[in-house]
Amino acid sequence: AVDLVDDEDVAGLRVEADTPSLRDVILAAEPGVRTRVARIKISGNESVETSRLESLLATRSGRRAVLRPGRVNADAGRIRAHYLSLGYAQAKVSPPEIVFSEDGALATVRFHVVEGEPTRVADVRIEGNSAIPSQDLLEGFPVQPNEPYTRERARAGAEAIRRSYDRAGYSRAKVGYELRGEAGPELVYRVEEGPRRLVGRIEIEGNRLTRQEVVERELVFKEGKPLSAQEILESRKALYRLGIFSAVEIEEVEGEGPERPTVRVLVAEARNLTQSLGIGYATDEGLRGLYDVTNSNLLGRARTVGLPL
C-alpha cells in the first residue's frame with residue numbers, strides 16, 4: 001500500500017497494489033477527503049497591512065477554496081518578494097503551517113513573517129554625468145539619503161534622470177543603478193549620456209487638405225531646439241487629438257548631420273465629411289426624416305461645422 005498526495009485535486013490518495021501473478025496488476029484507488037481552506041492567518045507583519053499581503057496570495061479561503069499545498073508554498077515566496085520590493089532585504093517568511101480539522105475537511109493556513117530592519121540609503125550619487133550637474137539632477141529626487149530603499153523609488157530615480165537628459169537633447173541617454181556597500185549602502189546611478197542632438201529641418205507630408213500651420217501649431221518640438229523623444233510623443237498625441245488624422249507618424253531622417261537630424265511628420269487625413277440619417281417625430285409635424293452633414297476640417301483649419309437639414 002502506498003500513500004500519495006495530489007495537491008491539485010485532493011489532500012490525500014491511497015493506492016493498494018495487489019499482484020497475484022507477475023502478469024496481473026490490480027490498482028484500487030481510494031481518494032481522500034477534499035480539504036477546503038477555512039482561514040488564512042498572517043503574523044509578524046508590523047509594517048504591511050494584512051489585507052495587502054492577502055491580496056498577493058494565490059491561496060484563498062472560503063467554501064470553494066480547495067487546499068493546494070504547492071500554491072501555499074509559493075505564496076510564502078510572494079510575501080517575501082513584496083517585502084524585498086519595500087526595502088526589507090533581511091525579511092524572512094517561515095515555511096507555511098497547515099493545520100487540519102479532525103476530519104481533514106478544513107484547513108487553516110498560517111504564514112509568519114520576520115520583517116527585519118529596512119535597508120536605508122546612506123547617500124545618492126550620480127556618475128558619468130558631464131553635461132548636467134548632479135545638483136540639478138537630484139533636485140526633487142524620489143530617493144533621498146536615510147530613506148528606505150525600494151526598487152520602485154530607485155527605478156523612478158533612474159527615469160527622472162533619463163527625462164532630464166531627454167529634455168536637454170540627449171534622447172539616447174541610458175541610466176542604470178546599483179547599491180554599493182553592505183551597511184548603509186550608497187545608491188549609485190550610472191549615466192551614459194550619448195550625443196546631444198538638435199532638431200534640424202521639420203518636414204510635413206500627407207496634409208492634402210489641412211493647412212501647414214495647423215500641423216505646425218501642434219508640434220511641441222521646434223527647429224534648432226533640443227531633440228526630445230518625449231516632445232515627439234506629445235506632438236503625436238496632440239495631432240491625433242485634432243480628430244482630423246487617421247494616422248500620424250513622426251520619424252528622424254538624415255539631415256545636416258548626425259547631431260542635427262531632420263524630423264519628418266507624416267499624416268494621413270481622415271474623411272472630413274460625414275453624413276447621418278435618422279427619423280424623428282414632432283407633435284406638430286408628425287413623423288419626419290433627419291439629415292445632417294458635418295465637416296470636421298473646414299477650409300483645412302481643423303474646425304468643425306455641422307448642417308442639419
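In this text the structure is predicted, and so the values were computed from the model without any measurement.
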Looking only at heavy atoms, what is the nearest atom pair of Pro261 and Val253, with distance?
CB-O, 3.6 Å

Is there a side-chain contact between Val191 and Ile126, using heavy atoms and a 4.5 Å cut-off?
yes

How long is the gap from CG on Leu67 to CZ on Arg60, to the nearest 0.5 Å?
14.5 Å

Closest heavy-atom pair and its distance - Leu239, Glu218:
CD2-CB, 3.7 Å

Worked check of side chain to side chain donor-acceptor pair (under 3.5 Å) between Ser164 and Asp136:
CA-CA 9 Å; Ser164 294; Asp136 294 345; over 6 Å; no

Evaluate Arg163 against Asp166 for salt bridge (Lys or Arg N to Asp or Glu O under 4.0 Å), listing each step before the verdict.
CA-CA 5 Å; Arg163 286 198 302 267; Asp166 182 68; over 6 Å; no

Ile79 side, atom CD1; Arg52 side, atom CZ - distance, nearest 0.5 Å
11.5 Å

To the nearest 0.5 Å, what is the distance between OG (Ser235) and CD (Glu216)?
12.0 Å

Is it true that Thr210 and Glu269 share a donor-acceptor pair across their side chains at a distance under 3.5 Å?
yes

Looking at Thr150 and Ser85, what are the two nearest heavy atoms and their distance?
CB-O, 3.2 Å

Just how far is it from atom CG of Leu219 to atom CD1 of Ile250, taken to the nearest 0.5 Å?
6.0 Å

Do NZ/NE/NH1/NH2 and the carboxylate oxygens of Glu223 and Lys225 come within less than 4.0 Å?
no

Residues Arg236 and Glu234 bridged, charged N to O under 4.0 Å
no

So, for Ala76 and Phe111, which heavy atoms are closest and what is the spacing to 0.1 Å?
N-CE2, 3.8 Å

Is it the case that the side chains of Thr59 and Arg68 hold a donor-acceptor pair, with the cut-off being a distance below 3.5 Å and no angle test?
no

Verify whether the ring centers belonging to Phe141 and Tyr189 lie closer than 6.0 Å.
yes

Regarding Ser47 and Tyr88, is there a side-chain donor-to-acceptor distance under 3.5 Å anywhere?
yes

Measure across Glu259 and Pro195 and return the closest heavy-atom pair with its distance rounded to 0.1 Å.
OE2-CB, 4.3 Å

With side chains defined as the heavy atoms from C-beta onward, is the minimum distance between Arg34 and Val66 less than 4.5 Å?
yes

CD of Glu97 to NZ of Lys41: how many Å apart, nearest 0.5 Å?
10.0 Å

Between Tyr177 and Arg151, what is the shortest heavy-atom contact and its length?
OH-O, 4.1 Å

Within the structure provided, determine whether Val188 and Glu127 are in side-chain contact (heavy-atom separation under 4.5 Å).
yes

If two hydrophobic side chains count as joined below 4.5 Å and joins carry through other members, does Val215 share a cluster with Ile202?
yes

Indicate whether the side chain of Glu254 and that of Thr262 have a donor and an acceptor atom separated by less than 3.5 Å.
no

Polar side-chain atom of Glu115 near backbone of Glu46 as donor-acceptor pair, under 3.5 Å:
yes

Do Val113 and Ile98 belong together in a cluster built from hydrophobic side chains that touch within less than 4.5 Å?
yes

Can Phe100 be reached from Val109 by stepping across I, L, V, M, F, W or Y side chains whose heavy atoms are under 4.5 Å apart?
yes

Let me confirm one number: the CZ-CD1 distance from Arg190 to Ile161, rounded to the nearest 0.5 Å.
11.0 Å

Are the side chain of Tyr240 and the backbone of Val248 linked by a donor-acceptor contact shorter than 3.5 Å?
yes

